[in-house]
Amino acid sequence: MKFRSEIVRVGVERTPHRGLFKAAGLSDEDLKKPLIAVVNSWNEIVPGHIHLNRLAEAVKGGIYEAGGTPLEFNTIAICDGIAMAHPGMRNSLPSRDLIADSVELMINAHCFDAMVCVCGCDKIIPGMLMAACRLNLPTIFVTGGPMLPGWFKGEWVGLSHLFEAAAAAEKGKISFDELKKLEDCACPGAGSCSGLYTANTMQCLTEALGMSLPYSGTTPAIHSDKVKMAKEAGRKIVWLLKNNITARKIMTKEAFENAIMVDMALGGSTNTILHLPAIAYEAEIELPLEKFDELSRKIPHLTNLNPAGPYYVKDLHEAGGIPALMKQISNHLHLNCLTVTGKTLGENIKDAVVYREEVIHSIENPIHKEGGIAILKGSLAPEGAVVKQSAVNPEMLKFTGTAKVYDCEEDAVKAIIEGKISDGDVVVIRYEGPKGGPGMREMLGATSAIKGLGLEKVALITDGRFSGATRGPCIGHVSPEAMVGGPIAIVKDEDKIEIDIPKRKLNLQVSKEEIAERLKKWEPPKPKIVKGYLSRYSKIVGSASKGATLSS
């Protein structure tokens with residue numbers, strides 16, 4: 001079998017190349033084998049990544065055993081939690097595309113034959129999946145696993161509790177001493193934040209796509225099984241290479257539909273509506289918003305995980321993990337899809353068992369009859385908007401409120417903390433979209449302030465996005481965004497906004513004539529960032545309704 005890496009390691013003309021590989025410690029025997037990239041996002045900043053160096057070592061051991069030569073390199077990785085609720089969040093979504101580009105460049109420059117992506121967290125997993133589709137080499141993912149929840153005053157707690165408690169402490173609802181005690185225990189160690197936030201949702205969907213080994217998405221970061229899976233992934237990548245099973249042979253249109261259905265059954269993060277279309281785009285597969293809504297109406301919501309419910313990803317793992325969840329909805333799935341195990345999805349899940357029925361419900365006894373995410377459209381969002389309907393109080397599924405409009409998250413949070421928002425209001429935060437932000441920040445600071453202050457009948461609408469830790473009537477990804485003249489740009493204080501999630505409506509209750517007149521007078525504001533990567537990003541990023549992909 002001829003390998004791609006022979007370009008840099010075989011022949012007299014490659015003597016200089018072999019010399020450089022030998023300078024890095026490779027032997028003649030190593031250079032007779034296929035070169036396997038171990039793409040690692042390890043760093044000392046992100047809790048979901050601090051243990052990935054150990055997993056990468058296990059991967060390399062597996063590759064050596066199976067007859068390959070592993071070579072490791074790193075990518076950047078931003079912690080969304082640390083970047084949250086300040087200007088740093090502008091950098092998070094743009095990092096996804098930078099990760100995809102950097103992996104592409106490293107793989108192509110050095111002519112690797114295959115790759116193992118060792119990663120975790122919000123934008124890193126999607127970025128590497130985008131690269132995998134673009135490169136279309138044999139690829140397998142080793143995801144870092146969830147953090148365990150913390151234990152505080154007799155209850156399990158996670159990151160979302162910290163954001164909400166901070167707002168409560170600001171208003172004197174809890175003491176700063178209690179806040180400090182919660183801070184010290186809510187995030188107890190390595191892994192992606194413990195609830196079903198974006199990071200863990202993407203780990204689960206990577207497994208659902210067939211790109212990681214069964215149970216990878218939910219096995220906690222600190223479990224020894226993660227190391228065993230990493231070593232098996234190292235062995236398996238050599239098998240995938242020898243059998244020419246490339247990323248696009250696994251990530252087919254049907255596989256993406258499987259991932260969406262699992263997302264709906266989980267009630268996952270709304271950020272998946274950005275990531276799955278962007279990954280599919282790299283695989284030359286169209287994944288319109290309408291597909292998400294179509295499948296959401298078909299697949300019921302079966303797990304009640306934090307932040308919407310009392311359980312955590314470790315509970316989902318104990319209940320049987322993603323294979324058990326998929327077994328529950330197997331009548332709807334494309335079971336013939338190939339996976340990195342070399343087996344079909346149906347073969348992978350045929351022996352799966354639900355061990356905790358209170359965590360993974362049956363189709364006959366769902367938490368909600370529809371999936372976790374809904375796509376809304378209307379005069380305020382002609383191209384669409386996204387809401388995690390599984391996290392919305394039933395009383396707020398239909399709501400008409402009074403607009404309170406802010407041109408950035410900071411102004412909205414200040415108003416909320418100062419008591420300027422009351423029940424019956426709809427907080428509108430605009431110019432936070434992919435172009436306007438730039439970078440489409442998450443609004444967890446605003447949503448947590450609303451929740452922390454006990455404002456139960458307040459909705460939030462934005463052309464930005466939301467953290468997976470968000471709960472409540474929070475509608476994001478409003479498209480077109482304000483910066484390109486979408487209707488959200490001309491909403492005024494005291495306008496009435498209609499939200500009807502069951503009917504998938506989001507309307508500005510202003511006449512068509514008035515909307516047209518306001519848009520005619522509207523002028524875009526000056527860009528917030530005028531140089532550097534974010535400035536370049538703002539010029540080429542597309543609509544959130546199409547995954548915020550970059551133009552070629």
Side-chain angles (χ1 to χ4, degrees), residues 45-48 77-96 121-123 147 157-171 173-174 176 179-180 182-183 186-187 192-195 197-199 269-271 274 306-307 388 391 404-421 427-434 436-455 458-478 481-482 528-529 534 544:
I45 304 165
V46 187
I78 289 173
C79 178
D80 276 31
I82 295 173
M84 192 73 67
H86 60 81
M89 177 47 71
R90 292 192 179 114
N91 301 277
S92 177
L93 182 60
S95 76
R96 181 190 72 179
C121 295
D122 300 52
K123 310 307 171 296
M147 182 189 295
V157 293
L159 180 67
S160 59
H161 293 87
L162 288 178
F163 278 95
E164 292 169 8
E170 288 278 4
K171 294 297 289 185
K173 291 181 175 288
I174 65 170
F176 284 101
L179 180 65
K180 174 64 165 59
L182 177 61
E183 172 188 325
C187 300
S192 297
C193 297
S194 54
Y197 313 151
T198 307
S269 165
T270 52
N271 281 316
L274 287 171
N306 172 270
K388 188 173 181 177
K404 297 290 178 67
V405 185
Y406 304 93
D407 287 348
C408 66
E409 185 192 19
E410 287 83 356
D411 289 351
V413 171
K414 185 171 183 287
I416 294 163
I417 295 295
E418 290 177 352
K420 295 179 180 178
I421 304 300
V427 178
V428 177
I429 306 177
R430 62 192 178 195
Y431 297 109
E432 290 285 10
M440 202 178 184
R441 291 194 292 175
E442 293 181 346
M443 303 290 110
L444 185 58
T447 60
S448 297
I450 288 170
K451 191 68 182 177
L453 297 182
L455 296 169
V458 170
L460 196 154
I461 295 173
T462 181
D463 55 4
R465 59 195 177 91
F466 293 113
S467 162
T470 296
R471 51 179 168 160
C474 302
I475 299 166
H477 307 202
V478 171
E481 63 173 289
K528 296 170 187 170
I529 307 290
L534 288 180

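Just the heavy atoms: all of them, side chains too, but no hydrogens, waters or symmetry mates, feed the values below.
A heavy-atom distance below 4.5 Å is found between the side chains of Pro307 and Tyr197.
Separation of atoms NZ (Lys528) and CG (Leu534) is listed at 11.5 Å; rounding is to 0.5 Å. Rounded to the nearest 0.5 angstrom, Leu182 CG and Ile174 CD1 are separated by 7.0 Å. Atoms CG and CD1, on Leu455 and Ile450 in that order, are 6.5 Å from each other to the nearest 0.5 Å. In this structure, CD on Glu409 lies 8.5 Å from CE on Met89, to the nearest 0.5 angstrom. Taken from CZ in Phe466 to CD1 in Ile475, the straight-line distance is 8.0 Å, to the nearest 0.5 Å. Once rounded to the nearest 0.5 Å, the distance linking CG of Leu162 with CG of Leu444 reads 10.5 Å.
Within the 3.5 Å criterion, the main-chain N or O of Gly439 finds no donor-acceptor partner in the side chain of Arg90. No side-chain donor-acceptor contact under 3.5 Å links Asp463 to the backbone of Val478. Side chain of Thr270 to main chain of Lys388: no donor-acceptor pair is present (N/O by atom type, distance under 3.5 Å, no hydrogens or angles).
The two residues Met147 and Pro47 make their nearest non-hydrogen contact at CE-CB, 3.8 Å. In terms of heavy-atom proximity, Gly81 sits nearest to Leu159 at CA-CD2, 4.4 Å. Here the closest non-hydrogen pair linking Cys474 and Thr447 is SG-CG2, 3.5 Å. Contact between Ser95 and Ile78 at its shortest, heavy atoms only, is CB-CD1, 3.7 Å. Across all non-hydrogen atoms, the minimal contact from Ile421 to Ile416 is CG1-CG1, 3.7 Å. Contact between Leu274 and Ala544 at its shortest, heavy atoms only, is CD2-O, 3.6 Å.
Partners of Lys414 by side chain to side chain contact (heavy atoms under 4.5 Å, CB included), not counting sequence neighbours, listed by chain and number: Glu418. With sequence neighbours excluded, the residues satisfying side-chain hydrogen bond (donor to acceptor under 3.5 Å, both in side chains) with Lys404 are Asp425. Residues passing the salt bridge (Lys or Arg N to Asp or Glu O under 4.0 Å) test with Glu170: none are found, sequence neighbours excluded. Remark: Asp80 pairs with Ser92, Lys123 by the side-chain hydrogen bond (donor to acceptor under 3.5 Å, both in side chains) rule, at least two apart or across chains. In this structure Ile82 satisfies the side chain to side chain contact (heavy atoms under 4.5 Å, CB included) test together with Ile45, Cys79, sequence neighbours excluded. For Ala166, there are no side chain to side chain contact (heavy atoms under 4.5 Å, CB included) partners two or more places apart in sequence or in a different chain. Asp407 is linked by a side-chain hydrogen bond (donor to acceptor under 3.5 Å, both in side chains) to Arg430, counting only residues two or more places apart in sequence or in another chain. Under the rule for a side chain to side chain contact (heavy atoms under 4.5 Å, CB included), the partners of Cys121 that lie at least two apart in sequence or sit in another chain are Val46, His49, Ile124, Ser192, Ala199. The side-chain hydrogen bond (donor to acceptor under 3.5 Å, both in side chains) test applied to Glu442 returns Asn271, Arg465, not counting sequence neighbours.
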Legend entry - Evaluation steps, side-chain contact (heavy atoms from CB on, under 4.5 Å), between Thr462 and Arg441: CA-CA 10 Å; Thr462 181; Arg441 291 194 292 175; over 6 Å; no
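With Ser448 as the fixed residue, the side-chain contact (heavy atoms from CB on, under 4.5 Å) test singles out one of Glu164, Met84, Met443: Glu164.
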